[in-house]
Amino acid sequence: MLLIVMIIIGLASAFVGSLVGLGGGLIFVPSLLFLSKFSDAFSWVTPQNVVAMSLLIMIFTGLSSTLTYIKGKRVDVYSGLIFLIGSIPGALVGVWLNGYVAIDAFELYFGILMLILASLFFVKDYLLQYAKNRNVQDKKLYIHREFDLSGETVQYSYSIIFGVIISFFVGLISGLFGIGGGSLMVTAMILFFSFPAHIAAPTSMFMIFISSIVSSSAHVMAGNVIWEYALLAVPGAWFGGVLGAKVNQKLNSRVLEWILRLLMIIIGIRLIL
């Protein structure tokens with residue numbers, strides 16, 4: 001029974017995570033925290049080991065979905081590498097902070113974080129309008145990107161310094177909460193940097209793959225991974241990552257954003273309660 005549950009959780013979390021660029025931890029971590037309240041089979045769950053397992057599984061989710069996205073030419077590798085300059089050190093700081101968090105406080109802070117992120121999407125149009133009005137073409141230390149998206153050329157620009165600062169805090173949250181940082185990074189890329197959702201989610205998964213290796217390694221060295229349970233979820237995570245990436249390429253950006261909003265609101269309220 002435990003085997004089946006872990007495979008299902010791995011599959012579902014990876015599918016949803018890959019679909020909207022979250023990495024899967026947004027489903028994986030709350031699911032195990034929830035089950036630990038009602039089943040003795042999950043009495044081993046703590047903030048430390050569930051985050052460690054989530055990050056380990058996200059390596060496989062990130063790899064499978066990134067390979068699929070790269071085939072579809074949806075990953076902005078150049079921007080992803082710039083953001084990783086900040087997110088990798090941030091992830092290591094987050095892993096260190098995770099060791100000092102109790103489970104009740106962890107759920108509360110996680111829930112509040114989800115609601116804050118969801119609320120940002122309701123002011124998205126104002127933020128995008130501000131981004132369009134900025135004269136960034138001639139500014140130094142700005143990156144200007146152009147992508148062909150299903151026959152349509154899309155352009156966006158962002159500050160290197162601001163991008164690295166944001167990604168540092170994304171990495172910190174990733175290491176602390178085990179959510180891969182995707183929920184915050186996708187939100188930041190869409191709201192602050194004018195990324196199309198179909199580029200933001202794939203680029204986020206590329207970053208999650210790299211940063212999860214680093215933060216997961218830190219958790220492994222700290223002895224936080226329970227291998228017999230983590231490995232049960234890996235097969236589901238791999239196939240879920242591929243499936244989510246394929247579905248992502250068939251949905252429009254508005255649908256993806258609403259899926260992201262609803263997931264954050266539902267999970268945030270549930271964790272706080």
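Sequence positions, counted from 1, serve as the residue numbers for this chain.
The side-chain heavy atoms of I210 and I88, taken from C-beta on, include a pair separated by under 4.5 Å. A heavy-atom distance below 4.5 Å is found between the side chains of I272 and L108.
Checking Y158 against S79 by side-chain atom types alone, a donor-acceptor pair falls below 3.5 Å. One side chain, N49 or T46, offers a donor N or O that lies under 3.5 Å from an acceptor on the other.
Partners of L81 by side chain to side chain contact (heavy atoms under 4.5 Å, CB included), not counting sequence neighbours, listed by chain and number: V77, L84, F206. Applying the side chain to side chain contact (heavy atoms under 4.5 Å, CB included) test to V225 and every residue at least two apart in sequence or in another chain returns A52, L56, V220, W227, A230. Partners of S217 by side chain to side chain contact (heavy atoms under 4.5 Å, CB included), not counting sequence neighbours, listed by chain and number: I213. Not counting sequence neighbours, Y78 has no partner by the ring pair (Phe, Tyr, Trp, His ring centres under 6.0 Å) test. Residues passing the ring pair (Phe, Tyr, Trp, His ring centres under 6.0 Å) test with Y156, sequence neighbours excluded: F195. Checked against side-chain hydrogen bond (donor to acceptor under 3.5 Å, both in side chains), E228 has no partners two or more places apart in sequence or in another chain. Applying the side-chain hydrogen bond (donor to acceptor under 3.5 Å, both in side chains) criterion to Y229, with sequence neighbours excluded, gives no partner residue. Residues passing the side-chain hydrogen bond (donor to acceptor under 3.5 Å, both in side chains) test with T66, sequence neighbours excluded: none.
Side-chain atoms of S36 come within 3.5 Å of backbone N or O of L33 as a donor-acceptor pair. In this structure, S39 contributes its side chain and L35 its backbone to no donor-acceptor pair below 3.5 Å. No donor-acceptor distance shorter than 3.5 angstrom exists from the side chain of S204 to the backbone of A200, with no hydrogens or angles considered. Although no hydrogens or angles enter the test, the distance criterion places a donor-acceptor pair under 3.5 Å between the side chain of T68 and the main chain of S64.
Residue pairs that meet the salt bridge (Lys or Arg N to Asp or Glu O under 4.0 Å) test with at least one member in residues 49-61, sequence neighbours left out, do not exist here. Residue pairs meeting the salt bridge (Lys or Arg N to Asp or Glu O under 4.0 Å) criterion with at least one partner in residues 4-17, sequence neighbours excluded, do not occur; the list is empty.
The environment of I161 atom CD1 is sparse: at most 12 non-hydrogen atoms of other residues, nucleotides or ligands sit within 6.0 angstrom. No more than 12 heavy atoms of other residues, nucleotides or ligands lie within 6.0 Å of CH2 in W96, so this atom counts as exposed by the packing criterion.
Summarising the geometry of D76 relative to I199, their closest heavy-atom pair is CB-CG2, 4.1 Å, with the distance given to 0.1 Å. Shortest non-hydrogen contact noted between S65 and A245 is O-CB, 3.9 Å.
Rounded to the nearest 0.5 Å, atoms CG (L67) and CG (L63) are 4.5 Å apart. Atom CD1 in I70 sits 11.5 Å away from atom CE in M205 (nearest 0.5 Å). Separation of atoms CE (M221) and OG (S216) is listed at 9.5 Å; rounding is to 0.5 Å. To the nearest 0.5 Å, atom OG of residue S211 and atom CD1 of residue I59 are 9.5 Å apart. Taken from CD1 in I4 to CD1 in I9, the straight-line distance is 12.0 Å, to the nearest 0.5 Å. Taken to the nearest 0.5 Å, the OG atom of S212 stands 11.0 Å off from the CZ atom of F60.
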Are I85 and I160 close enough, and set up right, to give a side chain to side chain contact (heavy atoms under 4.5 Å, CB included), and what steps lead you there? CA-CA 10 Å; I85 294 172; I160 297 176; over 6 Å; no
What do the steps show when you test M53 against M6 for side chain to side chain contact (heavy atoms under 4.5 Å, CB included), and what is the final call? CA-CA 11 Å; M53 291 168 58; M6 290 301 294; 3.9 Å; yes
Passes side chain to side chain contact (heavy atoms under 4.5 Å, CB included), L92 versus V214? Steps please. CA-CA 8 Å; L92 296 176; V214 176; 3.6 Å; yes
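Put simply, F34 and I266 are part of two different groups of oily side chains (I, L, V, M, F, W, Y) that touch within less than 4.5 Å, one to the next.
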Please set out all donor-acceptor pairs under 3.5 angstrom arising from side-chain atoms of residues 163-172, sequence neighbours excluded.
from: S167; atom 1: OG; to: F83; atom 2: O; distance (Å): 2.7
from: S167; atom 1: OG; to: G163; atom 2: O; distance (Å): 3.0
from: S167; atom 1: OG; to: V164; atom 2: O; distance (Å): 2.8

Show me the side-chain donor-acceptor pairs of residues 234-244 shorter than 3.5 Å, one per line, residues at least two apart or across chains.
none

